[in-house]
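Taking it in order: structure first as structure tokens, then the write-up.
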Amino acid sequence: MAENCTRKLIVEICNAKNLMPKDGQGTASAYAIVDFDGQRRRTKTKFRDLNPVWDEKLEFLVHDIESMAAEMLEINLYNDKKMGKRSTFLGKVKLAGSVFVKAGEETLVYYPLEKRSVFSQIKGEIGVKVFYVDEEAPPAPAEPAAEQKAETAEEKPKEEEDKKEENVEEKKEEEEKPKEEPPKEEEKPNPPPAEASKSEDTTAAATPPPPPPEVENPPIAHKEEASSTKVVATKSKVEIGKSSQLVINELELRSLSGEHNRIAYDLVDRMPFLYVRVVKAKRANKEPACPLHAKLVIGTHSIKTKSQIDKDWDQVFAFDKEGLNSSSLEVSVWAEEEKKEEQKEGDAATTATTVVVDNCLGAVSFDLQEVPKRVPPDSPLAPQWYSLESEKSPGNDVMVSVWVWTQADEAFQEAWQSDSGGLIPETRAKVYLSPKLWYLRLTVIQTQDLQLGSVSEPKVRSSELYVKAQLGAQLFKTSRTPVGSAWNEDLVFVAAEPFEPFLVVMVEDWSNGQLVGQAKIHVPSLERRTDDKTEPKSRWFNLVGAENKPYAGRIHVKACLEGGYHVLDEAAHVTSDVQAAAKQLAKPPIGLLDVGIRGASNLLPVKTKDGTRGTTDAYVVAKYGQKWIRTRTILDRFNPRWNEQYTWDVYDPCTVLTIGVFDNGRYKRDETGKPGRDLRIGKIRVLLSTLDTNKVYLNSYMLTVLLPNGAKKMGEIEIAVRFSCSSWLSLIQAYGTPLLPRMHYLRPLGPAQQDILRQTAMRIVTARLARSEPPLGQEVVQFMLDTDTHVWSMRKSKANWFRVVGCLSHAAILARWLDGIRTWAHPPTTILVHVLLIAVVMCPQLVLSTIFMYAFLILALRFRYRMRVPHNVDLRLSYVDAVGPDELDEEFDGLPTTRSPDTVRFRYDRLRALASRAQTLLGDVAAQGERLEALFNWKDPRATGIFVVVCLFASLLFYVVPFKVFVLGSGFYYIRHPRFRGDMPSAPLNFFRRLPSLSDQIM
């Protein structure tokens, strides 16, 4: 951002809906007061309207552009006191500066009105548009610093008094409007000259003062004084820099703490590194320019910089100090010079060839025992010129800086690490971001003036049309309708920023398969909406046919980008992000997630090196939300130690962190020049809701990978996780809020449509990350996102079946316990149940309290047995040990299948046998409901007649017998002694089993 650029924040107060009546007559006369960065504006009063419409734009000056994201915009609604007894509070809305968007990207967003106190009676919502505009500021005259200080000293007590008055007013049940508030615009007097001159002096450096005729949105006088104080304070902040006396709000403090934790590396071990920054070299003699490169040698470690001509290297190298086998560092500079050599061919002919020869310009040595240690907050060590020792070409210099520090040094991220192979881009640590995804909704309404041919032709009159739309590789189409009919169907696509340029809409004739015409819709200029209250505008587009048909009709459609949804790009059970696509709906984070990737141990070799021995080049990928991190690749080690720490913002506690370990095969290329594939080593997941807040979990997890020949343990990974949360209230409130944004419940997408869109989003994310540099491989992203969850697997089907059986086992245990009481298996327990039954019947009001007290005691006693360590992938629950090789081979078989026909036939027969058992079970369940329905439909007249007579006698019986007596008698009858019980089924059960079902009507 340029220094002479001014930023204005535009707040458009559109309307409010369903406000709380506050004037004692069933209505309200509402106006809005907007506060931002020490400035206050107000709207007009809308008299006696519970759904007021303002459509007013309020302008605010952004004093500090860099800190705008940390500022808060507060909108307060009041009922005008002249239309009632006193000004009453109607609600408020607070918006963080991080949700502000540029002009042109704003959308109308409805925010629910919040209470100011517990006793406030508030309801309704307000529609607001918030955006900012950057303008070029005119040059302003300098203002003496003494006047600024004096003005600040005079206005500071006034601002403190205003804050005290506002705090007192917030404690009332019905809030009064501040006393300094001006009257309505038509009765507002002009401000005094002193205040006008003061305001002009403070804002002259940023923007000229507004002209006096603009009185629609007048600023409030006492707040302008606070505004001037704010300007002075902001200027002093810029001059002082990072002062310890600056006021930091909660969002800034949270981000600063997260940055501190990331730099502090308090979850991992400190690893000492030797840092060498090679900046440039200087030659004594002025020879023709030739490429130069520097070479660093420490014992057996050797690495060189890039070759540059008249350019600086400015490269940093980090050597793992524990892996060094020498006590000295040698930095040498080499010139790549061309020499011509003559070679004889036969007796007479000679040929001249050009050979590039490295000529050493000199070297300088450093004793590693005398290298200084840098301890932050020290600034980086400044590079110095060192003379290169050389007998052939003396007088050359090199600029180098050498120091020792840990991986917490800010130069570590840009340095080329020695344990990662040096100058290999594919082995460096990187942070990736998933593309921002939107749902694009296209509503196809109808077509007109289609050029299909002569209307008299019967084929044209009976033609059926359908609309096909394409966005990138996505292709969806509507149903078929006759000519002249309307569709009114929605087609939903997944669009990723930066958007595809055009959405192509095609109309095709189903009868002959020909294209009638097509139209292109510009995607970046589409309307963006955040809720279902604003319908997108419908538009007519001309259809372009073949070359001889420039006009083939027109189509009526509605298209918009849905920002109120969260585009699902992960499997449902491993969701890590639930934020809406629109920036205006972003919520502040509730905590921070710190992850320390310490190292791995006992990794198995996954490939061979030089065809002689096994090796593993391991790296770690962690994914949470839109942020992906990738550690550096440590080459040829079975016990790598990364000791890298990363931080994420947490917006929902019921999300999952996914960590995967891979073997790097992309830094080596095959004979054709194509990079290899990264191999899976294992994956773990951490559910944040199972973590205690502000507690460090340091554990080792087993890495298991599923192969066609079974599950294989590949080693262990050691990680440290900490979920930090500063507010328990916001964390508890998160459990009561919906998991997904509001639009998922107002206009939900169907299950089948969600699965299609999820797979599409996964493919888009995979393609975008594969185009990064260095690329994150397609196989890595698919493994992290679980893109194969929808694929049929006999193993997963068995695992899910036993999960259902496990959930129903508690009901089975309860049934067996009741059967034991009923059969008097343990007489003292049965007698105790008799006593409990009498107590329940005599005191029914104690039933619920007793149940909840019992649940409280049981859960309190089980607290000591709670989970201490986050669980990893459960092999027994995954059913990998009891699965056959053919079932695993079927799981790894793609679509379409590549197996032999005999294998496919065998698997098909096995699937039919399994499906037949499921078919029988579904039929038995349906028969029970059909028997009950037949009882009420007189399908069996005798059975229904018996039931009618029983109902008549039962009604007379319950009219005479009290309900408590009935419950007590039924309980005693159910748990009667076995000598009073028969061996055959009861009469009601026999009667129900004899009722007819629809099974006999199935062919």
key: Side-chain donor-acceptor contact under 3.5 Å, Q759 with H790   = yes

**Prompt:** Do K623 side-chain atoms and G625 backbone N/O form a donor-acceptor pair below 3.5 Å?
**Reply:** yes

Worksheet entry | salt bridge (Lys or Arg N to Asp or Glu O under 4.0 Å) between R910 and D886, intermediate numbers included | CA-CA 11 Å; R910 181 179 60 194; D886 183 71; 3.0 Å; yes

**Request:** Flag yes if more than 12 heavy atoms outside Y908 fall under 6.0 Å of its OH atom; otherwise flag no.
**Result:** no

>> Surrounding OH of Y735 (heavy atoms of other residues, nucleotides or ligands, distance under 6.0 Å), is the total greater than 12?
In response: yes

Going by heavy atoms in the side chains, are V765 and L437 under 4.5 Å from each other? yes

Could you walk me through whether R722 and D266 satisfy the salt bridge (Lys or Arg N to Asp or Glu O under 4.0 Å) test, starting with their C-alpha distance in whole Å, then the side-chain angles of each, then the deciding distance to 0.1 Å, before giving a yes or no?
CA-CA 11 Å; R722 177 178 58 213; D266 56 341; 3.0 Å; yes

Heavy-atom check, side chain of D786 versus side chain of M762, under 4.5 Å
no

Handout entry: Row check, F783 ring normal vs K683 NZ/CZ: under 6.0 Å, within 45°
Key = yes

To the nearest 0.5 Å, atom CD1 of I597 lies from atom CZ of R630 at 12.5 Å

Between L914 and W792 the two heavy atoms that sit nearest each other are CD2-CH2, 4.1 Å

Main-chain N/O of A622 paired to W628 side chain as donor or acceptor, under 3.5 Å: no

Verdict with reasoning, E414 to R428, per salt bridge (Lys or Arg N to Asp or Glu O under 4.0 Å):
CA-CA 9 Å; E414 61 174 313; R428 299 188 65 183; over 6 Å; no

Side-chain heavy atoms of L593 within contact of T647, under 4.5 Å: no

To the nearest 0.5 Å, atom CG of L274 lies from atom CG of D320 at 10.5 Å

From the list K796, R795, K798, salt bridge (charged side-chain N to carboxylate O under 4.0 Å, His left out) with E887 holds only for K798

| said: Can you see whether N639 engages S601 through a side-chain donor-acceptor pair at a distance of less than 3.5 angstrom? | reply: no

| Would you say V705 and I681 make side-chain contact, with heavy atoms under 4.5 Å? | no

| task | Inspect the surroundings of NZ in K321 and state if more than 12 heavy atoms from other residues, nucleotides or ligands are less than 6.0 Å away. | result | no

Exercise for review: Look at atom CH2 of W801 and say whether more than 12 heavy atoms of other residues, nucleotides or ligands are closer to it than 6.0 Å.
Suggested key: no

**Request:** Give a yes or no on this: more than 12 heavy atoms of other residues, nucleotides or ligands lie within 6.0 Å of atom CZ of R876.
**Result:** no

What one should report as the nearest heavy-atom pair of P653 and A734 is CD-CB, 3.7 Å

Practice task
In plain terms, say whether R598 and D269 are close enough for a salt bridge, that is, a side-chain N and a carboxylate O under 4.0 Å apart.
Solution key: yes

Rounding to 0.5 Å, atoms NZ (K607) and CZ (R613) come to a distance of 11.5 Å

Taken to the nearest 0.5 Å, the spacing of L568 CG from L740 CG works out to 6.0 Å

Exercise. Do Y619 and D678 get their side chains close enough for a donor-acceptor pair, meaning under 3.5 Å?
Worked result: yes

Check the pair E644 / Y646 against side-chain hydrogen bond (donor to acceptor under 3.5 Å, both in side chains), numbers first and verdict last. CA-CA 7 Å; E644 298 182 19; Y646 299 91; 2.4 Å; yes

More than 12 heavy atoms of other groups within 6.0 Å of K695 NZ: yes

Checklist entry - Could you go step by step and tell me if T616 and D663 meet the side-chain hydrogen bond (donor to acceptor under 3.5 Å, both in side chains) rule? => result CA-CA 6 Å; T616 299; D663 175 77; 4.8 Å; no

CZ of R758 to OG1 of T787, rounded to nearest 0.5 Å, is 12.0 Å

The residue among W405, F319, F412 that forms ring pair (Phe, Tyr, Trp, His ring centres under 6.0 Å) with F273 is F412

ask   = Taking H744 for the side chain and H566 for the main chain, is one N or O donor matched with an acceptor at less than 3.5 Å?
value = yes

Review point. Does the salt bridge (Lys or Arg N to Asp or Glu O under 4.0 Å) test come out yes or no for R641 and E322, once each step is laid out?
Key: CA-CA 12 Å; R641 304 298 297 178; E322 296 180 356; over 6 Å; no

Flag this pair as yes if the NZ/CZ of R277 is under 6.0 angstrom from the six-membered ring centre of F317 and inside a 45 degree cone about the axis; otherwise no.
no

Practice task
Give a yes or no answer on whether the side chain of R768 reaches the backbone of E497 with a donor-acceptor pair at less than 3.5 Å.
Solution key: yes

Looking only at heavy atoms, the pair that brings I719 and V721 closest together is CD1-CG2, 3.9 Å

Just by distance, do the side chain of T903 and the backbone of R899 share a donor-acceptor pair under 3.5 Å?
no

The single option from L267, I659, V686 that satisfies side chain to side chain contact (heavy atoms under 4.5 Å, CB included) with V595 is I659

Would you say the ring centers of F493 and Y439 fall short of 6.0 Å from each other?
no

- Item | Worked verdict on E570 versus S576 for side-chain hydrogen bond (donor to acceptor under 3.5 Å, both in side chains) | CA-CA 8 Å; E570 300 171 290; S576 62; 2.9 Å; yes

Quiz item: Mind checking whether L731 and T693 have side chains closer than 4.5 Å, heavy atoms only?
Solution: yes

Discussion item. Check the orientation of Y879 and F802. Use parallel for under 30°, tilted for 30 to 60°, and perpendicular for over 60°.
Written reply: parallel

>> Please tell me whether T658 and Y624 have a donor and an acceptor in their side chains that are separated by less than 3.5 angstrom.
In response: no

Tested for side chain to side chain contact (heavy atoms under 4.5 Å, CB included) against L657, the lone hit among I684, L688, V574, V650 is L688

- Query: Ignoring hydrogens and geometry, is there a side-chain-to-backbone donor-acceptor pair from T608 to G614 under 3.5 Å?
  - Reply: no

W438/E562 under side-chain hydrogen bond (donor to acceptor under 3.5 Å, both in side chains): CA gap, chis, key distance, verdict: CA-CA 6 Å; W438 296 70; E562 297 281 8; over 6 Å; no

I'd like to know if the side chain of Y565 and the backbone of L749 have a donor-acceptor N/O pair within less than 3.5 Å. no

* Within 45° of the ring axis of Y865 and under 6.0 Å from its six-membered ring centre, is that where the NZ or CZ of R862 lies? -> no

Problem - Any Y667 side-chain heavy atom under 4.5 Å of D617 side chain - result: yes

Salt bridge or not between R666 and E426? Use side-chain N to carboxylate O under 4.0 Å. no

- Message: Surrounding NZ of K713 (heavy atoms of other residues, nucleotides or ligands, distance under 6.0 Å), is the total greater than 12?
- Response: no

Taken to the nearest 0.5 Å, the spacing of L471 CG from T760 OG1 works out to 10.5 Å

| query | Are P708 and L888 close enough that some pair of their side-chain heavy atoms sits under 4.5 Å apart? | reply | no

Side chains of Q407 and W642, donor plus acceptor under 3.5 Å: no

